[in-house]
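All residue numbers in this chain count up from 1 along the given sequence.
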Amino acid sequence: MIGGGQGAFIGAVHRHAAALDGLYELVAGAFSSNPETSKASGQILGLSADRVYGSYQELIEREKALPEAERVQVLSIVTPNHLHFAPAKLALENGFHVILDKPMTFSLAEAKELQTVAAASNARFCLTHTYTGYPMVKEARQLVASGELGAVRKAYVEYPQGWLSNFEEGSDNKQAAWRTDPARSGVAGAMGDIGTHAFNLLEYVTGLSVTQLCADINTVVPGRKLDDDGAVLLRLSGGASGVMVATQVAAGEENNVRLRVYGDKGGLEWQQVDANTLQVKWLDRPTEIRRTGTGYVSSYARHNTRTPSGHPEGYLEAFANLYRNFALSLQADLGGKSAPPEALDYPGMEEGVRGMAFIENVIASGRSDQKWTEFTV
């Protein structure tokens with residue numbers, strides 16, 4: 001692991017996700033840009049002192065020098081946005097498989113360069129867009145792809161949070177400090193942090209691509225340097241349209257990601273606060289309630305479910321599904337076999353590049369007086 005040391009939130013989430021199915025062993029790390037903090041973090045995690053490094057460069061160099069049977073195979077990079085590109089690039093160039101927290105890089109230019117590096121490497125790459133790991137999100141995607149809802153006409157996705165309703169970066173809040181800092185977060189605040197999740201979820205489930213957008217981007221809290229609120233009108237391939245809302249100043253809201261998709265025969269609705277449930281609404285018959293862990297769901301939903309119906313499959317399990325599918329893909333590669341399509345269903349380079357394109361396009365649209373702007377990659 002690179003990053004994720006003492007005081008970091010997302011590093012622990014990645015470690016829990018990786019450990020859930022017993023397919024990974026954490027054996028080495030550069031947990032902080034401060035060598036002493038890295039060493040202390042490694043000690044807490046029970047790692048051998050000679051496998052805890054003071055920098056990601058040292059980690060990659062020394063692990064590469066080890067015999068193949070001893071060195072790490074996968075590097076999980078869980079640093080702030082501005083520290084994604086360099087370690088991911090060096091890892092891929094040296095043949096290490098990479099799992100990277102989203103958004104993929106600091107800028108679209110970096111994302112494109114990383115895509116080129118990955119294409120020249122034999123290594124696999126996974127981007128942790130968590131919400132695509134939920135079983136009923138998988139079910140929603142398969143339902144749309146099957147054509148049962150008909151041609152997609154409309155999609156709504158929203159991600160409301162309230163934790164930045166006040167000037168939290170002015171206090172001792174590390175998460176707020178780097179996420180609202182242009183030097184570490186990039187050109188976007190809320191749109192980069194949670195807007196990318198909403199954008200990815202919409203494209204993943206509908207199977208459509210955003211082609212044009214019209215954005216209203218706001219900075220609500222005085223003194224804040226990046227956006228903390230926004231709404232976007234979307235035009236999608238195939239003629240469908242969409243609406244996206246991402247805000248971190250909706251006081252009282254937590255993380256209730258919500259998606260609705262409507263075709264000409266019916267629609268669907270999923271939200272994270274009731275993640276085991278997918279509502280399917282029909283034009284000519286009563287609404288269906290589909291539930292995680294039941295026998296009637298698709299193979300993709302079953303593959304990403306661990307417990308019998310009625311037991312919540314939550315955020316950590318969804319996160320773990322990305323790690324599990326990535327591991328199953330690597331195991332298939334090592335065994336000279338083809339992984340099943342369900343195991344190959346995790347976000348990668350294409351989603352990462354489109355996510356960075358979304359950030360730059362949506363901020364540019366928010367600054368423009370033009371009603372509609374082309375979505376360019």
Side-chain angles (χ1 to χ4, degrees), residues 1-5 8 10-32 38 41-42 45-48 50-53 55-79 83-102 104-105 114-115 117-130 132-133 304 316-340 343-349 351-352:
M1 178 167 280
I2 296 173
I10 204 66
V13 172
H14 279 260
R15 289 191 290 271
H16 290 317
L20 191 59
D21 295 292
L23 297 174
Y24 296 86
E25 180 185 3
L26 180 63
V27 295
F31 299 102
S32 171
S38 181
S41 300
L45 293 169
L47 299 188
S48 174
D50 64 349
R51 303 291 290 277
V52 181
Y53 304 102
S55 69
Y56 73 84
Q57 295 95 331
E58 182 189 11
L59 184 156
I60 292 171
E61 179 183 352
R62 287 181 54 183
E63 289 292 326
K64 180 76 178 290
L66 293 174
E68 186 174 357
E70 298 177 24
R71 73 174 72 122
V72 298
Q73 294 168 293
V74 179
L75 284 177
S76 178
I77 301 172
V78 297
T79 53
L83 297 174
H84 283 185
F85 172 72
K89 178 175 182 287
L90 190 62
L92 291 168
E93 287 174 338
N94 283 274
F96 293 100
H97 306 291
V98 171
I99 297 174
L100 181 60
D101 202 48
K102 67 87 229 156
M104 190 160 79
T105 52
L114 193 63
Q115 186 177 41
V117 170
S121 168
N122 291 322
R124 283 191 176 271
F125 176 85
C126 174
L127 189 70
T128 54
H129 272 298
T130 321
T132 64
N304 289 280
L316 290 176
E317 288 85 354
F319 219 114
N321 284 335
L322 306 184
Y323 269 87
R324 176 173 175 261
N325 288 338
F326 193 66
L328 294 175
S329 300
L330 294 178
Q331 287 180 341
D333 292 344
L334 292 169
K337 301 177 181 179
S338 297
L344 294 171
D345 184 21
Y346 56 82
M349 275 290 163
E351 290 83 358

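Gln73 contributes atom CD, which lies 10.0 Å from atom CZ of Phe96 (distance to the nearest 0.5 angstrom). Between Lys89 atom NZ and Thr105 atom OG1 the span is 13.0 Å, to the nearest 0.5 Å. Distance check, rounded to the nearest 0.5 Å: CG of Asn304 to CZ of Arg324 gives 6.5 Å. For the atom pair CG (Leu92) and CG (Asn122), the distance works out to 11.0 Å, reported to the nearest 0.5 Å. Between the NE2 atom in His97 and the CG atom in Leu330 there is a gap of 4.5 Å [rounded to 0.5 Å]. A distance of 4.5 Å separates CD1 in Ile2 from CD1 in Ile77, rounded to the nearest 0.5 Å.
Take Asp101 and apply the salt bridge (charged side-chain N to carboxylate O under 4.0 Å, His left out) test, not counting sequence neighbours, and it matches no residue. Contacts of Glu63 classified as side chain to side chain donor-acceptor pair (under 3.5 Å), with partners at least two apart in sequence or in another chain: Arg51, Tyr53. The side chain to side chain donor-acceptor pair (under 3.5 Å) search around Ser76 returns Tyr323, not counting sequence neighbours. Considering only residues two or more places apart in sequence or on other chains, Tyr346 meets the ring pair (Phe, Tyr, Trp, His ring centres under 6.0 Å) condition with Phe326.
Looking at Ser38, its side chain does come within 3.5 Å of a backbone N or O of Phe31 through a donor-acceptor pair. A distance-only check finds no donor-acceptor pair linking the side chain of Thr128 to the backbone of Ile99 [under 3.5 Å]. A donor-acceptor distance shorter than 3.5 angstrom exists from the side chain of Glu351 to the backbone of Gly348, with no hydrogens or angles considered.
Taking all atoms of both residues into account, the shortest heavy-atom contact from Ser41 to Gly5 is OG-CA, 3.5 Å. In plain terms, the two heavy atoms of Leu127 and Leu322 that are nearest each other are O-CD1, 4.3 Å. Taking all atoms of both residues into account, the shortest heavy-atom contact from Ala339 to Ser329 is CB-CA, 4.1 Å. Taking all atoms of both residues into account, the shortest heavy-atom contact from Leu114 to Met104 is CD2-CG, 4.0 Å. Between Gly11 and Val78, the shortest heavy-atom contact is CA-CG2, 4.0 Å. Considering all non-hydrogen atoms of both residues, Ala320 and Ala17 come closest at CB-O, 3.4 Å.
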> When you look at Gln331 and Lys337, which way does the side chain to side chain contact (heavy atoms under 4.5 Å, CB included) test go after all the steps?
Replying inline: CA-CA 8 Å; Gln331 287 180 341; Lys337 301 177 181 179; over 6 Å; no

>> Using the rule given for side chain to side chain contact (heavy atoms under 4.5 Å, CB included), can you reason through Val72 versus Leu66, listing the C-alpha separation, both sets of side-chain angles and the distance that settles it, and then say yes or no?
In response: CA-CA 9 Å; Val72 298; Leu66 293 174; over 6 Å; no

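Sorted by first and then second residue, the pairs that involve residues 117-126 and meet salt bridge (Lys or Arg N to Asp or Glu O under 4.0 Å), not counting sequence neighbours, are Arg124-Asp333. The salt bridge (Lys or Arg N to Asp or Glu O under 4.0 Å) contacts involving residues 22-32 comprise nothing, where partners must be two or more places apart or lie in separate chains.
Between Ile10 and Phe319 the shortest side-chain heavy-atom distance falls below 4.5 Å.
Applying the 6.0 Å contact sphere to CD of Glu93 captures more than 12 heavy atoms from other residues, nucleotides or ligands.
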